[in-house]
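Single-structure report; data block below.
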Amino acid sequence: RVGLVTGGGTGIGRATALALARLGARVVILGRRADKLAQTQSLVPEGAPPITAIPTDVREFDQVDAALDQVIAEHGRIDLLVNNAGGQFLSAAEDVSPNGFRAVTRLNLDAPWYLTTRVAARSMIPNGYGKVVSVTMTPRRGIPYMAHSSAARAAVESLTQTLAVEWGRHGIRMVAVAPGIVHTEAWEGYGLEPAKVAESMLLSRLQQPEEVAAVIAFCLSPAGDYITGTTIAADGGWDLVGPFPAM
């Protein structure tokens, strides 16, 4: 299989790309920073297919189109798509500017929508096969100071359901995976204390990127062939007990 992973230079995207490569997929990663993409490429285990990196800002549709041109020219098709690239900032809802709201929704909603529909139109529908996993987040009932991102992620989950209905006849499966608090370089940018936050988790620790990647890989493998149109909350139970006002 040929797999395309966005945000493949760090965190969940890197872990997912490496997991798919270990399973034998021909993986292409997209991301804005060429140096981070190169680091992911350097971590491919011996014996696994090499990972192709294409520096791309997934918010820019012309860059997405150019990346898809390259992937299809080199590999002939795209079987698996992981919409992982995302980001947001903490802010009270009333303080988010229109530009700030738009920046978050462009990355967390517009980009997955465009990439998914283009991959489907150019490869998955004509080939009668495809799997798409989109990374969202929990708690799904809302997170304080995350109104912009919560809205975008909920929209992606709804889009996942709708496209599963539309494209099921084409052999395309659609799944969203909603992690909890994943200890990544990006998360550390919020300035929260990992040990303190871990005290609030049911499992008394933060989630690791590899744990999210394992769920994504399961969905993309033959074991996940009969899973579509749903969101899998792989969050260590945080949807049951969080969020907390301090977060």
Side-chain angles (χ1 to χ4, degrees), residues 1-34 36-41 43-44 48-87 107-136 156 159-160 163-164 167 170-177 209 212-222 224 228:
R1 300 298 184 187
V2 178
L4 181 62
V5 181
T6 69
T10 59
I12 296 171
R14 172 179 289 177
T16 299
L18 295 174
L20 295 180
R22 283 193 294 269
L23 292 173
R26 290 178 288 165
V27 180
V28 180
I29 53 175
L30 306 183
R32 287 183 294 168
R33 294 184 57 181
K36 294 293 186 181
L37 297 178
Q39 289 176 15
T40 299
Q41 290 178 297
L43 296 172
V44 176
I51 289 177
T52 301
I54 306 176
T56 305
D57 185 341
V58 294
R59 298 170 299 182
E60 303 297 336
F61 296 163
D62 58 338
Q63 293 188 34
V64 171
D65 290 336
L68 295 183
D69 288 342
Q70 182 175 336
V71 177
I72 293 173
E74 294 180 3
H75 297 288
R77 66 184 194 277
I78 300 170
D79 304 302
L80 315 171
L81 171 62
V82 180
N83 290 308
N84 163 73
L107 179 57
N108 295 331
L109 174 58
D110 294 11
W113 161 75
Y114 188 77
L115 185 56
T116 300
T117 54
R118 290 305 87 209
V119 168
R122 298 184 61 174
S123 181
M124 292 180 175
I125 291 175
N127 292 328
Y129 179 90
K131 287 187 174 183
V132 180
V133 175
S134 297
V135 178
T136 57
V156 170
L159 185 65
T160 294
L163 296 181
W167 295 344
H170 299 299
I172 299 175
R173 290 82 156 177
M174 302 287 306
V175 178
V177 171
V212 185
V215 177
I216 295 171
F218 172 83
C219 293
L220 296 178
S221 77
T228 193

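Below, each value reflects all heavy atoms present in this structure, side chains not excepted, and no hydrogens, waters or symmetry copies. Computed from a predicted model, the values in this text were never measured in an experiment.
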(Q) A side-chain contact here means heavy atoms from C-beta on lying under 4.5 Å apart; do V27 and V5 qualify? (A) yes
Q. At their closest point, which heavy atom of P55 faces which heavy atom of A34, and how far apart are they?
A. CG-CB, 4.0 Å
Q. Can you check side-chain contact (heavy atoms from CB on, under 4.5 Å) on L68 and L115, steps first, answer last?
A. CA-CA 9 Å; L68 295 183; L115 185 56; 3.9 Å; yes
Q. If every non-hydrogen atom of P49 is compared with every non-hydrogen atom of A21, which pair is closest and at what distance?
A. CD-O, 3.4 Å
Q. How long is the span from the OG1 atom in T16 to the CD1 atom in I216, to the nearest 0.5 Å?
A. 3.5 Å
Q.
Could you measure the distance from the CG atom of N108 to the OG atom of S134? Nearest 0.5 Å is fine.
A. 11.0 Å
Q: Using distance alone, with no hydrogens and no angle criterion, decide if R14 and T40 have a side-chain donor and acceptor under 3.5 Å apart.
A: yes
Q: Show your reasoning for whether side-chain contact (heavy atoms from CB on, under 4.5 Å) applies to T117 and W167.
A: CA-CA 10 Å; T117 54; W167 295 344; 4.2 Å; yes
Q | Nearest-0.5 Å distance, NE2 of residue H170 to CD1 of residue I125 | A | 4.5 Å
Q | V212 versus I12, closest heavy-atom pair with distance | A | CG1-CG2, 3.9 Å
Q.
Does either side chain, that of N83 or that of T116, offer a donor lying less than 3.5 Å from an acceptor on the other one?
A. yes
Q: Check whether any side-chain heavy atom of R118 lies under 4.5 Å from a side-chain heavy atom of D65, and answer yes or no.
A: yes
Q. Out of L107, V58, T56, which residue meets the side-chain contact (heavy atoms from CB on, under 4.5 Å) rule with T6?
A. V58
Q | Beyond-backbone contact of V71 with I54, side-chain heavy atoms, under 4.5 angstrom | A | yes
Q) Is D69 salt-bridged to R122, cutoff N-O under 4.0 Å? A) yes
Q) Side-chain contact, heavy-atom cut-off 4.5 Å: H75 with T52? A) yes
Q) Looking at side-chain heavy atoms only, is the closest gap between K36 and Q41 below 4.5 Å? A) no
(Q) Rounded to the nearest 0.5 Å, what separates atom CZ in R1 from atom CD1 in I78? (A) 13.5 Å
Q) Nearest heavy-atom pair of M124 and D79: which atoms, and what distance? A) CE-O, 3.3 Å
**Q.** Whether over 12 other heavy atoms sit under 6.0 Å from R32 CZ
**A.** no
Q | side-chain contact (heavy atoms from CB on, under 4.5 Å) assessment of V82 paired with L220 | A | CA-CA 9 Å; V82 180; L220 296 178; 3.7 Å; yes
**Q.** Check: N127 side chain, Y129 main-chain N or O, donor-acceptor pair, under 3.5 Å
**A.** no
**Q.** Note, L30 side chain near L37 side chain (heavy atom, < 4.5 Å)
**A.** no
Q) Less than 4.5 Å apart, any side-chain heavy atom of L163 and any of V132? A) no
Q) Do you know the tightest heavy-atom contact between K131 and S221? A) NZ-O, 2.5 Å
Q. Side chains of V119 and Y114: does their closest heavy-atom pair fall under 4.5 Å?
A. no
**Q.** Heavy-atom closest contact (N84 atom, G7 atom, distance)
**A.** ND2-O, 3.3 Å
